[in-house]
Amino acid sequence: MKRTIFTCALLLATVFVFSQVEVKDAAQAKLSASELTVKIADRILASTTYEFRNTKTGETYTSVKNLPLDMNVRVACKYNNWHYTNGVTHIALMELANKTGLRKYDDYVLRNMNFVFNEGNLDFFRKQYDKAMKDEGWYGVRKLSWHMIFRGKRLDDNGPMGASLIDLQMKHPDKSFLKYINETAEHLNHGEPRLADGTIARIWPHVNTIWADDAFMAISFLARMGKMTGDMKYIDDAANQVLKYHEYLWCPEKQIFYHYYHTDNQEHGVAHWSRANGWVFMATADLLEVMPENHPLRARVLECFKRQCSGVARYQGKNGLWRQLLDKEDSYEEITGTAMFVFGMARGVKHGWLHPDFIYATEQGLKGMMTKMSDKGDVTAICVGMGIMPSPAYYYNRPTQENDPMGEDPVLRALIEMMDAPKYTEIKAEQQYDKIVVKK
């Protein structure tokens, strides 16, 4: 009897704890998409410090231009990091500037990039990088700020950040920005690992593994490079990546993508990860935005986009959210994949790439996203960064975080697209009856 009472008490305590977590996570945003977009964007602007910190002494600096070399100095603010997630944030903020006419969002991105390239700070971190490479090698440089600028060995280093620089360069031309853009183009053209058929691949965890994530890491840059230069070789390459990723990663039975494919043993990954599918969808939408109507591969790229949209839509949950693992209802609801799908569908409907009915899915997706955000502009349910593992448990158990660029940037892009999205309108049956001709 005592054991039964103890078990019941423990169960009630557990239920109470989890109920408190649910209350905390369920801060329902009630603002409009436009208002919430500005809340999130302005919070990011206000949080960016443009400082450096010595992790050993705690000292802070506004510049490291004349600072003696110290291996403990780091960029203080996550929004000043050189990381692909901040590249997507910059893209989103420049889209917001275009949509609203508010220059402060363009000015923010320009200030961030000048902070890196044009204020004398970069040389200090180049010296850090060179010393770490000499003393510790590749592993040693990973702990340093801005090391990806100098490493330039993978798309995470330069793809989306380079893409955002292209958007910035077209508005605010700068020789330092252009130099880095051209270095990134050189890497993509000649340095990035590829299969014999040109498909971009990574050489880990197996040799020549195709990651769905890399669709965006590459295409975000290639599409914008084609737009800026007018050189169709970049558009051609981006289009071929879309087609090849559909060839290697598409699951015809479930109508969604696997996260990855190992070419050495010809095995797909164990998971249909939501954000991986979102990366492909968002990348394809970005490409279609700049791809000429008469491009010989446009029809095939568009068909891939429509096919993925139809497939993904089938996995939307009853509250509008998509789950961490698209096909697993026992995996948690996750905001980044949801935002990417809302973004792509909204843009697709507005451009006429998709049937207008899909705007209903975006409206439901937006409602679901609101349950993971607050009117203060806080964003929750963001899956942390992911690698590749041969077990679904890895995906199930990845923790979530709040107010991180990993999630804020796709959320911003989705909200921006929804600011002027059309409303779903159902065609009533009685509106169609007159079209039926009864022969007598």
Side-chain angles (χ1 to χ4, degrees), residues 48 50 63-65 75 79-98 103-130 144-192 194 200 214 216-239 241 283 286-287 289-292 405 409:
T48 308
Y50 304 98
S63 172
V64 292
K65 184 175 181 180
V75 173
Y79 297 113
N80 294 135
N81 281 339
W82 191 268
H83 193 265
Y84 71 85
T85 54
N86 282 329
V88 189
T89 303
H90 290 172
I91 289 169
L93 290 173
M94 284 185 279
E95 288 174 338
L96 181 57
N98 294 340
R103 286 190 54 186
K104 64 180 179 178
Y105 301 118
D106 268 346
D107 292 343
Y108 170 84
V109 179
L110 179 60
R111 185 181 178 188
N112 274 5
M113 291 298 94
N114 279 331
F115 182 68
V116 175
F117 288 104
N118 293 323
E119 295 180 5
N121 295 314
L122 198 57
D123 287 345
F124 176 88
F125 291 100
R126 174 84 239 192
K127 293 174 184 176
Q128 273 194 347
Y129 180 88
D130 290 343
L144 304 177
S145 295
W146 297 353
H147 71 275
M148 292 182 177
I149 297 176
F150 312 116
R151 185 174 67 181
K153 291 292 184 180
R154 50 191 291 194
L155 288 169
D156 289 2
D157 294 347
N158 49 28
M161 286 299 280
S164 71
L165 265 180
I166 293 173
D167 284 348
L168 187 63
Q169 175 71 11
M170 287 190 284
K171 293 182 174 185
H172 304 281
D174 182 280
K175 62 181 182 180
S176 298
F177 304 161
L178 185 59
K179 180 176 182 291
Y180 185 83
I181 290 167
N182 288 332
E183 289 172 356
T184 300
E186 180 72 12
H187 169 76
L188 261 169
N189 289 334
H190 305 293
E192 184 65 25
R194 295 177 183 244
I200 287 172
D214 285 342
F216 186 83
M217 304 305 151
I219 292 169
S220 62
F221 182 87
L222 292 169
R224 287 168 174 79
M225 195 67 176
K227 178 182 179 180
M228 184 180 75
T229 65
D231 191 337
M232 283 299 103
K233 73 180 181 182
Y234 296 106
I235 302 296
D236 296 345
D237 193 5
Q241 296 308 316
D286 276 358
L287 175 58
E289 181 84 16
V290 302
M291 199 175 191
D409 37 27

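Worth knowing before you read on, the calculation uses all heavy atoms, side chains too, and leaves out hydrogens, waters and symmetry mates.
To the nearest 0.5 Å, atom CG of residue Leu188 and atom CZ of residue Arg194 are 6.5 Å apart. The distance from atom CG of Asp167 to atom CE of Met228, rounded to the nearest 0.5 Å, is 10.0 Å. Atom CZ of residue Phe150 and atom CD of residue Gln128 lie 9.0 Å apart, to the nearest 0.5 angstrom. Note that CE of Met161 is 11.5 Å distant from OG of Ser220, once rounded to the nearest 0.5 Å. Expressed to the nearest 0.5 Å, how far CZ of Arg154 lies from CD1 of Ile200 amounts to 14.0 Å. Here NZ of Lys65 is found 9.5 Å from CD of Glu119. Values are rounded to the nearest 0.5 Å.
Paired with Asp174 under the rule side chain to side chain contact (heavy atoms under 4.5 Å, CB included), one option of Leu110, Ile181, Leu165, Asn118 passes, and it is Asn118.
Of all the heavy atoms in Thr48 and Asn80, the pair that sits closest is CG2-ND2, 3.4 Å. Closest approach of Tyr234 to Asn189, counting heavy atoms only: OH-ND2, 3.7 Å. Of all heavy-atom pairs between Gly152 and Asp157, the closest is N-OD2, 3.2 Å. When all heavy atoms of Tyr129 and Arg151 are compared, the closest pair comes out as OH-CA, 3.3 Å. The two residues Val88 and Pro160 have their closest heavy-atom pair at CG2-CB, 4.2 Å. Of all non-hydrogen atoms in Tyr105 and Leu93, the two that sit nearest each other are CB-O, 3.3 Å.
Contact annotation: the side chain of Phe221 never approaches that of Leu155 to less than 4.5 Å [non-hydrogen atoms, C-beta and beyond]. A 4.5 Å side-chain heavy-atom check between His172 and Met113 finds every atom pair outside the cut-off. Using a 4.5 Å heavy-atom threshold, the side chains of Asn98 and Lys171 count as touching. Side-chain contact between Lys179 and Lys175: absent, with no pair of heavy atoms (C-beta onward) separated by less than 4.5 Å. Annotation: side chain of Phe125 is not in contact with side chain of Leu144 (no heavy-atom distance under 4.5 Å). Contact of the Ile235 side chain with the Leu287 side chain is registered, since non-hydrogen atoms from C-beta on lie closer than 4.5 Å. Looking at Ile91 and Arg224, their side chains come closer than 4.5 Å, going by heavy atoms from C-beta outward. Considering only heavy atoms from C-beta on, Met94 comes within 4.5 Å of Ser164 through its side chain.
With Asn121 contributing its side chain and Val116 its backbone, the two residues share no donor-acceptor pair below 3.5 Å. Judged by distance alone, with hydrogens and angles left aside, the side-chain atoms of Asn86 form a donor-acceptor pair with the main-chain N or O of Asn81 at under 3.5 Å.
A salt bridge between Arg126 and Asp130 is present, with a side-chain N of the basic residue lying under 4.0 Å from a carboxylate O of the acidic one.
Using modelled atom types and a 3.5 Å distance limit, the side chains of Gln241 and Asp237 yield a donor-acceptor pair.
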Determine whether Asp231 and Met225 satisfy the following criterion, side chain to side chain contact (heavy atoms under 4.5 Å, CB included), listing intermediate values before the conclusion. CA-CA 8 Å; Asp231 191 337; Met225 195 67 176; over 6 Å; no
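For Phe117 and Trp82, the ring centers sit closer than 6.0 Å to each other.
Within 6.0 Å of CZ on Arg111 lie no more than 12 heavy atoms contributed by other residues, nucleotides or ligands.
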